[in-house]
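Please read the structure below before turning to the comments.
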Amino acid sequence: MDSDSHEPIEDGLIGKYLAGETNEEETQRVRQWLNEPDAEREMQRFEKIWETSRTLQTRPPVDADAAWEKLRNRIQEPAPVADTPIRRFTSWRTSIAAAVVLLVGLGWLFWTLQRNASVPQLAFTATDHSTVHELPDGSKVWLNRNSKLEYPETFADDSRSVVLTGEAFFDITPNKEKPFRIQASQTTVQVVGTSFSVRAYDPNVRVAVRTGKVVFKARNAEVTLMKDQQATFDAQAATMQKTERLDPNVFTYQTGKAVFDNATLREVIQIINEVYQAEVQLGNESLRNCPTTIAFDRTKDTLENLLQAIADSHGLTIRRQGTEFIFEGTGCSP
């Protein structure tokens with residue numbers, strides 16, 4: 001018949017899906033539901049409430065199934081009535097309303113459980129410089145500048161979960177009994193033991209894998225990435241694009257090494273500024289597309305020598321102004 005005849009999906013399942021806790025069968029159920037009329041709009045509402053509830057919780061994560069069950073027990077079920085078309089319509093709308101109430105309540109539940117757990121929460125922040133940090137399980141994180149990682153002082157018994165804002169390279173200590181999960185914007189990254197990078201300065205998220213296997217999930221998309229693969233989640237389009245060929249400079253902020261083959265001078269300068277925490281600029285817009293082929297290693301090449309090599313290759317000069325280095329000249333054209 002019409003959309004009212006569809007059985008509403010369980011609110012608890014949507015919560016597990018947003019938390020990245022669903023199995024393959026459950027994930028498929030949610031995706032099928034998303035094809036129904038009005039489902040996308042309702043999911044967007046769920047996501048807003050879920051994000052709000054996340055601000056009330058801190059890690060470690062709670063058992064999602066137990067959480068939903070405990071919260072359901074606090075809500076009184078209405079008395080059963082005869083099954084009619086109107087009843088089915090009312091039931092569908094009531095189920096949505098109840099799901100919203102449940103998600104709001106989830107924030108309270110998480111807060112209550114975390115308070116009872118009394119596990120101190122920590123935040124690792126990088127501002128002007130990238131820095132490396134070791135997590136409670138021995139995993140290492142290279143945090144790029146203007147980034148923040150939130151994690152518990154002690155991980156839960158069955159999982160290891162952190163929240164990332166910005167960009168970081170992870171080298172995860174293997175533990176099959178305790179998968180490692182990263183919440184980054186609207187996505188979840190899950191691994192057992194591997195090394196990879198996550199970039200999430202805004203709602204769009206990029207994941208690149210150096211070793212091992214990574215599962216990259218968003219609300220209606222999921223990809224599995226292997227060594228030398230990367231994928232990007234486009235938040236506006238709600239799509240995930242997998243790239244088989246890894247960008248050779250995606251790990252540069254962690255390794256300090258970069259290789260450019262006919263890249264634009266603007267692209268090269270962006271990476272240099274990131275790796276050397278420098279302030280290099282172009283004196284005029286005509287220089288931004290200069291084709292540049294160069295390689296550098298931060299441990300061997302000084303910033304001054306690197307910039308001079310670039311200037312010589314394009315017939316440019318370098319003007320020093322305070323802490324800034326400015327390329328000037330007309331050695332190349334767009």
Side-chain angles (χ1 to χ4, degrees), residues 13-22 27 30-31 33-35 38-59 61 64 99-100 103-104 106-107 110 123-127 130 141-151 161-170 180-191 196-209 214-225 229-243 246-247 249-254 267 270-271 273-274:
L13 181 56
I14 297 177
K16 289 178 66 177
Y17 183 76
L18 290 171
E21 300 285 348
T22 52
T27 298
V30 176
R31 290 178 180 171
W33 172 74
L34 283 170
N35 291 325
D38 296 328
E40 183 69 19
R41 182 177 59 196
E42 295 304 329
M43 176 60 91
Q44 290 173 358
R45 186 188 303 176
F46 274 52
E47 287 176 336
K48 289 180 181 179
I49 297 170
W50 179 261
E51 286 300 314
T52 300
S53 72
R54 266 189 56 212
T55 65
L56 298 178
Q57 68 150 314
T58 49
R59 268 42 184 186
V100 172
L103 282 172
V104 172
L106 183 61
F110 278 162
F124 167 41
T125 304
T127 51
S130 59
V141 181
W142 283 259
L143 201 62
N144 204 356
R145 57 181 180 172
N146 301 320
S147 302
K148 180 180 180 181
L149 187 74
E150 300 170 81
Y151 61 97
S161 295
V162 301
V163 179
L164 172 68
T165 303
E167 184 173 23
F169 179 86
F170 296 84
F180 194 97
R181 298 187 183 96
I182 302 163
Q183 187 70 36
S185 186
Q186 303 173 40
T187 69
T188 301
V189 181
Q190 180 171 316
V191 302
F196 57 98
S197 176
V198 180
R199 183 180 181 90
Y201 282 109
D202 52 46
N204 300 323
V205 181
R206 182 191 68 195
V207 176
V209 181
V214 170
V215 178
F216 186 23
K217 299 180 181 180
R219 57 184 169 87
N220 62 344
E222 177 181 322
V223 296
T224 298
L225 301 174
Q229 292 182 338
Q230 67 182 58
T232 301
F233 173 69
D234 186 319
Q236 184 173 2
T239 58
M240 194 171 286
Q241 183 66 42
K242 184 177 180 180
T243 305
L246 187 71
D247 180 350
N249 297 322
V250 72
F251 305 123
T252 295
Y253 68 93
Q254 186 260 335
E267 293 172 333
Q270 285 180 331
I271 297 296
N273 284 337
E274 188 173 273

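Note that the structure is predicted; figures quoted are calculated from it, not measured. Residues take their numbers from the sequence shown, with the count starting at 1.
- When side chains are defined from C-beta on, Tyr201 counts as touching Ser147, because their heavy atoms get closer than 4.5 Å.
- Taking all atoms of both residues into account, the shortest heavy-atom contact from Val205 to Ala184 is CG2-O, 3.6 Å.
- A distance of 10.5 Å separates OG1 of Thr125 from CG of Asn146, quoted to the nearest 0.5 Å.
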Open item on the list: Could you walk me through whether Thr252 and Glu274 satisfy the side chain to side chain contact (heavy atoms under 4.5 Å, CB included) test, starting with their C-alpha distance in whole Å, then the side-chain angles of each, then the deciding distance to 0.1 Å, before giving a yes or no?
Closed with: CA-CA 9 Å; Thr252 295; Glu274 188 173 273; 5.6 Å; no
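- If you take CE on Met240 and NZ on Lys217, they are separated by 10.5 Å, rounding to the nearest 0.5 Å.
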Task: Derivation of the side chain to side chain contact (heavy atoms under 4.5 Å, CB included) call for Gln183 and Ser161 - done: CA-CA 8 Å; Gln183 187 70 36; Ser161 295; over 6 Å; no
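- Distance check, rounded to the nearest 0.5 Å: CG of Leu246 to CD of Gln230 gives 5.0 Å.
- Using a distance-only test at 3.5 Å, with no hydrogens or angles considered, a donor-acceptor pair links the side chain of Asn204 to the main chain of Ala235.
- When all heavy atoms are compared, the tightest approach of Val223 to Ala231 is CG2-CB, 3.9 Å.
- Within the model, atoms OG1 of Thr243 and CZ of Arg206 stand 10.0 Å from one another, a figure rounded to the nearest 0.5 Å.
- Annotation for Phe196 and Val209: closest pair CB-CA, 4.0 Å, computed over non-hydrogen atoms.
- The neighbour count for Gln241 CD, taken as heavy atoms of other residues, nucleotides or ligands under 6.0 Å away, does not exceed 12.
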- [ ] Evaluate side chain to side chain contact (heavy atoms under 4.5 Å, CB included) for Phe233 paired with Val207, printing each intermediate quantity in order.
- [x] CA-CA 9 Å; Phe233 173 69; Val207 176; over 6 Å; no
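- A heavy-atom distance below 4.5 Å is not found between the side chains of Phe170 and Val189.
- Aromatic pair Phe124/Tyr151: centroids not less than 6.0 angstrom apart.
- Judged purely by atom type and a 3.5 angstrom limit, Lys242 uses its side chain to pair as donor or acceptor with the backbone of Thr224.
- Across all their heavy atoms, Tyr253 and Ala168 have their closest contact at OH-C, 2.8 Å.
- Atom CG of residue Leu164 and atom NZ of residue Lys148 lie 11.5 Å apart, to the nearest 0.5 angstrom.
- By the 30° and 60° cut-offs, the orientation of the rings of Trp142 relative to Phe169 is perpendicular.
- With rounding to the nearest 0.5 Å, the separation of CD in Glu150 from OG1 in Thr165 is 6.0 Å.
- Side-chain atoms of Phe216 and Val198, non-hydrogen and from C-beta on, never get closer than 4.5 Å to each other.
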